[in-house]
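For reference, the structure discussed in these notes is given below.
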Amino acid sequence: MKTLLLKTTLLYVIFFCSQISFAQNLTLTGKLVFNSAQPIANAYITLKELNIFAKTDSAGGFAFLNLEEGQYTLLLKADGFISTEKKIKLNSANLNYVFNMQEDFLNLTEVVIEASSKKNENIIGKVDMQLRPLSSSQDLLRLVPGLFIGQHAGGGKAEQIFFRGFDVDHGTDFAIYVDGMPVNMTSHAHGQGYADLHFLIPETVKELEVNKGPYTTKYGDLATSGSGEFKTLNSLEKSIVKAEYGAFNTQRAMMMVDLLGNKHLFSKNKENLYVAGEYRYTDSYFLSKQHFQRLNFFAKYNGMLNNGSDLTVTASTFHSTWNASGQIPERKVSDG
């Protein structure tokens, strides 16, 4: 009887210890996103009950190891987003979570500056765009340290670029890309590398990556002084309609419309489809009224296929007319 009782006690001890060991080996994984799909990097997640924290990677992912089952409270913090708390119930059936955060551009709590030996780049993000008024996508280039642009022939001509001591003309020594598509025209009467960005609606731009110098070889032989790559939004948080009026009879109307919402076209995974349009008119500040008009249209589809591949399709076009001043002397016109 004593032997049987001892064996039973040992079995209970072994079972209890195995349960403790199992309970302490749960791994909580998660991901922080905004607009339901875009990852949030370098965010901090605090597990309040244990006073430990994790930091998200470039894909927005994080993990906590060796946790027991139970109720936990997660404090989510990220620059440019509203801090929030999330209560979760952790068990073997609930180990992975996705949290969607709301943007808050003007209430930043901290600024983190990190040096990297792998890249020589300058990222112009959505926060910078929100704080700077923009009339065209080329105005985004003004945010780059050491880069200046000028317009000397009216709004229908590509801006002149000056960068790090280079007179880039209209793009001959500065490579420009939009979602991987080269904008520079390698053969053009005005100059090899002429780059006109007026087809790009500024509100559709998510970020601008600028590389200084000719060291980033993927941008080709036109990146003598540097390069700039625009990346457009994959999805809209909400539809937008905007109307603006300013000096010199300047008028602008813009709209961005989400066409899918929670619907699907080609797969059961997350899909996004939106269109954007822009109309702009101005007489400008020239002696002779410019009567500049520009009409833009942009559409983009982005979706995850069943095999995990990402499919993106974009369509863009624009048309502009204007009276350019200062090209020929008036006496030549009078002389016929």
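Keep in mind that the numbers below use all heavy atoms, side chains included, and drop hydrogens, waters and symmetry copies.
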Looking only at atom types and distance, does a side-chain atom of [X] sit under 3.5 Å from a main-chain N or O of [Y], one as donor and one as acceptor?
X: Thr46; Y: Lys48; value: no
X: Asn35; Y: Gln38; value: no
X: His264; Y: Asn269; value: yes
X: Asn91; Y: Gly70; value: no
X: Asp104; Y: Gly80; value: no
X: Asp179; Y: Thr232; value: yes
X: Glu271; Y: Leu265; value: yes
X: Asp169; Y: Thr172; value: no
X: Tyr177; Y: Tyr219; value: yes
X: Thr56; Y: Asn42; value: yes

Nearest 0.5 Å, what's the [atom1]-[atom2] distance between [X] and [Y]?
X: Thr224; Y: Arg164; atom1: OG1; atom2: CZ; value: 11.0 Å
X: Leu200; Y: Ser316; atom1: CG; atom2: OG; value: 7.0 Å
X: Ser235; Y: Asn302; atom1: OG; atom2: CG; value: 7.5 Å
X: Glu278; Y: Phe298; atom1: CD; atom2: CZ; value: 12.5 Å
X: Glu159; Y: Leu141; atom1: CD; atom2: CG; value: 8.5 Å
X: Arg280; Y: Thr250; atom1: CZ; atom2: OG1; value: 5.5 Å

Taking the six-membered ring for Trp, are the ring centroids of Phe163 and Phe174 within less than 6.0 Å of each other?
yes
Are any non-hydrogen side-chain atoms of [X] and [Y] less than 4.5 angstrom apart?
X: Ile176; Y: Glu229; answer: no
X: Leu76; Y: Phe62; answer: no
X: Leu26; Y: Phe64; answer: no
X: Asn249; Y: Tyr281; answer: yes
X: Leu75; Y: Ile45; answer: no
X: Phe81; Y: Phe34; answer: yes
X: Leu236; Y: Asn272; answer: no
X: Tyr274; Y: Thr204; answer: yes

[X] side chain to [Y] side chain, donor-acceptor N/O pair below 3.5 angstrom:
X: Asn96; Y: Thr29; result: yes
X: Thr73; Y: Lys87; result: yes
X: Ser225; Y: Asp173; result: no
X: Tyr279; Y: Gln293; result: yes

*asked:* Tell me every residue that passes side-chain contact (heavy atoms from CB on, under 4.5 Å) with Thr317, counting only those two or more places apart in sequence or in another chain.
replied: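 side-chain contact (heavy atoms from CB on, under 4.5 Å) check on Thr317 returns Phe297.
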Taking [atom1] in [X] as the centre, count heavy atoms belonging to other residues, nucleotides or ligands within less than 6.0 Å. Is the count above 12?
X: Lys268; atom1: NZ; value: no
X: Met255; atom1: CE; value: no
X: Glu85; atom1: CD; value: yes
X: Phe53; atom1: CZ; value: no
X: Asp335; atom1: CG; value: yes
X: Asn51; atom1: CG; value: no
X: Lys77; atom1: NZ; value: no
X: Lys289; atom1: NZ; value: no

- request: Give the intermediate values and the outcome of side-chain contact (heavy atoms from CB on, under 4.5 Å) for residues Asn94 and Lys89.
  value: CA-CA 7 Å; Asn94 297 290; Lys89 184 177 181 180; 5.6 Å; no
Partner of Leu95 under side-chain contact (heavy atoms from CB on, under 4.5 Å), picked from Leu28, Leu67, Leu90, Thr27, is Leu90
- [ ] Decide side-chain hydrogen bond (donor to acceptor under 3.5 Å, both in side chains) for Asn184 and Gln192; before the verdict, give the C-alpha distance in whole Å, the side-chain angles of both, and the deciding distance to 0.1 Å.
- [x] CA-CA 8 Å; Asn184 304 75; Gln192 181 178 351; over 6 Å; no
Residue among His190, His198, His188 satisfying ring-ring contact (aromatic ring centres under 6.0 Å, His included) with His170: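 For His170, the ring-ring contact (aromatic ring centres under 6.0 Å, His included) test succeeds with only one of His190, His198, His188, which is His190.
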For a side-chain contact (heavy atoms from CB on, under 4.5 Å) check, start with the C-alpha distance between Asn25 and Asn66, then their side-chain angles and the critical distance, and finish with the verdict. CA-CA 4 Å; Asn25 285 331; Asn66 299 324; 3.5 Å; yes
Linking I/L/V/M/F/W/Y whenever any side-chain heavy atoms sit under 4.5 Å apart, do Leu233 and Val178 land together? no
*asked:* Are Ile161 and Tyr194 linked, directly or through intermediate hydrophobic residues, by side-chain heavy-atom contacts shorter than 4.5 Å (ILVMFWY only)?
replied: no
### Carboxylate-amine/guanidinium contact Lys242 Glu203, below 4.0 Å
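Salt bridge: yes.
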Minimum heavy-atom separation for [X] and [Y], please, with both atom names.
X: Leu32; Y: Ala43; result: CD1-CB, 3.6 Å
X: Ala59; Y: Pro39; result: O-CB, 3.2 Å
X: Gln290; Y: Ser284; result: NE2-CB, 2.8 Å
X: Glu209; Y: Asn211; result: OE2-ND2, 3.4 Å
X: Ser239; Y: Asp258; result: OG-N, 3.1 Å
X: Leu74; Y: Leu47; result: CD2-CD1, 3.1 Å

- Message: Please evaluate residues Trp322 and His291 with respect to the criterion side-chain contact (heavy atoms from CB on, under 4.5 Å), reporting the C-alpha separation (whole Å), side-chain torsions for both, the decisive distance (0.1 Å), and the verdict.
- Response: CA-CA 5 Å; Trp322 80 105; His291 299 301; over 6 Å; no
task = Evaluate the side-chain contact (heavy atoms from CB on, under 4.5 Å) criterion for residues Val183 and Asp196: first the C-alpha distance (whole Å), next the side-chain angles of each, then the deciding distance (0.1 Å), finally the verdict.
result = CA-CA 7 Å; Val183 177; Asp196 187 351; 5.7 Å; no
Only residue of Asn234, Thr312, Thr314 satisfying side chain to side chain donor-acceptor pair (under 3.5 Å) with Lys300 is Asn234
Plane angle bin for Tyr285 and Phe248 - parallel if under 30°, tilted between 30 and 60°, otherwise perpendicular:
perpendicular
